[in-house]
Structures are given as C-alpha cells and as structure tokens.
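Below is one structure, written out as structure tokens, with a few remarks after it.
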Amino acid sequence: NTIASGVEYAVVNPSIKQWKEDTRLEKIQFQYRRSTTPPSDWTNGDSPLSLDENYASGTWLAGLVGDGEYEIRVVALCSVTTAGPEYDMSSTAILHGLVDSKE
C-alpha cells in the first residue's frame, strides 16, 4: 500500500550556494495542511529530511493524517535579518493532493 509506506518527495536548492554553506539557513521543513484550513495553518511533518548538497528529500507518512484533500510544501527557515521577514523564509510551490485510504 503506497499510502501506508508514505509519499517520497525531494526538492532542489535553486541557489548557487549549497545549503550546508548557507550560514543563515536554520532548517528545511516539510509542511502539510488540509485544503479547507486557513492559509497560515500549516503542520510541520515529523519525518526528518535528508539534506544533501543541493537537495532535500524525505517521506510524508500520509496514511497517518486521515483521508481528505491536502496541500504540501517544503520551507527553508533562515535566521532573522533586518532586510525584512520575506527574507527569513521561502517555500516551494504548494502541491495539492488527495489522501484516500480506500484506493
């Protein structure tokens, strides 16, 4: 069963600087939410991400969250800068999907 074993994902770092060389980078975090929740109501995934030189990968245990429509993303969280909050976090595009344990 694909859902019980999880959904594997990977994201690529678009920057020239590798993640491990970025002194402001604090964490790469997988997040999910039900499609019907408020836009700011993200849940951090529990699975640790494997961080390589230019990409991060992990597995979302979608079978543990219950059936429904979900949105997922991966965010890069950085230390606070005086340049503004828009430079303290960036995220991938939001992907939409369906968790259906009956399929």
Side-chain angles (χ1 to χ4, degrees):
N1 180 318
T2 304
I3 292 176
S5 62
V7 177
E8 293 182 7
Y9 60 89
V11 294
V12 176
N13 177 5
S15 175
I16 295 171
K17 183 185 286 189
Q18 294 182 359
W19 275 329
K20 66 181 180 181
E21 296 172 355
D22 191 335
T23 57
R24 289 193 59 237
L25 180 66
E26 293 183 351
K27 182 192 283 190
I28 303 293
Q29 179 72 57
F30 173 81
Q31 296 181 328
Y32 66 93
R33 68 178 178 201
R34 285 195 179 264
S35 296
T36 56
T37 60
S40 61
D41 193 16
W42 290 95
T43 300
N44 291 332
D46 292 333
S47 301
L49 274 74
S50 172
L51 189 60
D52 200 348
E53 293 177 358
N54 277 334
Y55 71 93
S57 60
T59 302
W60 178 38
L61 301 177
L64 302 178
V65 297
D67 289 355
E69 292 183 25
Y70 285 87
E71 298 175 336
I72 63 172
R73 70 180 184 178
V74 175
V75 296
L77 303 169
C78 298
S79 58
V80 177
T81 179
T82 57
E86 65 270 19
Y87 295 101
D88 299 338
M89 190 216 44
S90 63
S91 75
T92 62
I94 296 171
L95 299 178
H96 305 269
L98 176 68
V99 174
D100 185 354
S101 59
K102 296 171 191 72
E103 288 293 317

Note to self: A side-chain contact here means heavy atoms from C-beta on lying under 4.5 Å apart; do Val74 and Ile28 qualify?
What the structure shows: yes

Note to self: Once salt bridge (charged side-chain N to carboxylate O under 4.0 Å, His left out) is applied, do any residues pair with Arg33, and if so which ones, sequence neighbours excluded?
What the structure shows: Glu71

Next item on the list: Look at the side-chain heavy atoms of Ile, Leu, Val, Met, Phe, Trp and Tyr, link any pair under 4.5 Å apart, and say whether Ile72 and Val99 land in one connected group.
Entry: yes

Note to self: Under the criterion side-chain contact (heavy atoms from CB on, under 4.5 Å), I'd like the reasoning laid out for Thr43 against Gln31: C-alpha separation, chi angles, the key distance, then a yes or no.
What the structure shows: CA-CA 5 Å; Thr43 300; Gln31 296 181 328; over 6 Å; no

Next item on the list: Return the orientation label for the Tyr9 and Phe30 ring planes: parallel under 30°, perpendicular over 60°, tilted otherwise.
Entry: parallel

Could you give the side-chain donor-acceptor pairs of residues 77-84 under 3.5 Å, partners two or more places apart or in another chain?
from	atom 1	to	atom 2	distance (Å)
Thr81	OG1	Ala83	N	3.4

Note to self: I want to check something: taking the side chain as every heavy atom from C-beta on, are Leu98 and Tyr70 in contact at a cut-off of under 4.5 Å?
What the structure shows: no

Checklist line | side-chain contact (heavy atoms from CB on, under 4.5 Å) between Ser57 and Tyr55, worked out | finding: CA-CA 7 Å; Ser57 60; Tyr55 71 93; 4.2 Å; yes

Notebook entry, point to check: Is it the case that one hydrophobic cluster holds both Leu95 and Val11, taking links as side-chain heavy atoms less than 4.5 Å apart, direct or via other members?
Noted result: yes

Notebook entry, point to check: Counting heavy atoms not belonging to Glu26, are there more than 12 under 6.0 Å from its CD?
Noted result: yes

Notebook entry, point to check: Is the centre of the Tyr32 ring less than 6.0 Å from the centre of the Trp60 ring?
Noted result: yes

Note to self: Using modelled atom types and a 3.5 Å cut-off, is there a donor and acceptor pairing between side-chain atoms of Thr92 and backbone atoms of Arg73?
What the structure shows: no

Margin query: Does this structure show an ion pair linking Asp88 with Arg24, if we count only N-O contacts that are shorter than 4.0 Å?
Written below: yes

